[in-house]
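Taking it in order: structure first as structure tokens, then the write-up.
Because the structure is predicted, anything quoted here is derived from the model rather than measured. Start at 1 with the first residue, then count along the sequence.
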Amino acid sequence: MNGAQLDIHGGSTFNITPSLTGDWAGFAIVAARNNTATATINGNSASSLAGIIYMPASREIQYAGSGSTGGECVRIVAQEITMIGNSSFKLDCKAELANNTINNPGAIRLVR
């Protein structure tokens, strides 16, 4: 809210998982629709992230992992997503995200 930023890095260890019940079931990180702040999520080999990251107006979400950073059931909604490192993501994980699906992915562009 109010332009808050998400900034997780510097060798941080985190374990973020969503609730599977309630109005925000499946959502792990949510920003206001008009919040354009950049988000940075960098972790180490003991970190894990699961759930929907909903930051639709964010200028960029940077996700970087090292070692065996987990991120199997992640859905990201943002203007631009930059992924660095050797993190992996699973494509079908509706059960882990309270059966939430994203039916209109919008435009997806891979940039090298």
Side-chain angles (χ1 to χ4, degrees):
M1 301 295 285
N2 301 319
Q5 289 184 282
L6 175 64
D7 190 10
I8 303 172
H9 70 278
S12 301
T13 300
F14 57 85
N15 182 9
I16 300 172
T17 57
S19 171
L20 298 180
T21 60
D23 292 339
W24 291 97
F27 287 82
I29 299 170
V30 177
R33 286 188 231 172
N34 61 351
N35 186 342
T36 60
T38 298
T40 304
I41 304 170
N42 296 334
N44 62 29
S45 60
S47 298
S48 67
L49 171 65
I52 298 168
I53 299 172
Y54 182 76
M55 301 181 78
S58 178
R59 283 184 222 97
E60 179 183 20
I61 293 180
Q62 299 174 359
Y63 185 89
S66 63
S68 58
T69 301
E72 290 190 352
C73 295
V74 176
R75 298 292 180 263
I76 302 173
V77 178
Q79 294 296 314
E80 182 177 331
I81 303 163
T82 301
M83 302 188 83
I84 304 165
N86 57 358
S87 302
S88 62
F89 291 89
K90 188 169 135 183
L91 293 177
D92 182 13
C93 55
K94 289 186 295 188
E96 292 92 335
L97 300 179
N99 290 319
N100 281 317
T101 59
I102 297 173
N103 296 320
N104 184 359
I108 298 173
R109 179 179 64 188
L110 296 177
V111 179
R112 180 178 171 174

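Using a 4.5 Å cut-off on side-chain heavy atoms (C-beta onward), I16 and I8 make contact.
Rounded to the nearest 0.5 angstrom, L6 CG and T38 OG1 are separated by 10.5 Å.
For T36, the side-chain hydrogen bond (donor to acceptor under 3.5 Å, both in side chains) partners are R59, not counting sequence neighbours. For E60, the side-chain hydrogen bond (donor to acceptor under 3.5 Å, both in side chains) test picks out Q62, T82, with sequence neighbours left out.
Closest of all the heavy-atom pairs between G51 and A28 is CA-CB, 4.0 Å. Here the closest heavy-atom approach between residue S58 and residue A39 is recorded as OG-N, 4.0 Å. Nearest approach of M55 to A31, heavy atoms of both residues: CG-CB, 3.8 Å. The minimum heavy-atom distance between A50 and P18, with the atom names listed, is O-CD, 3.2 Å.
No donor-acceptor pair closer than 3.5 Å links the side chain of E80 to the backbone N or O of I61.
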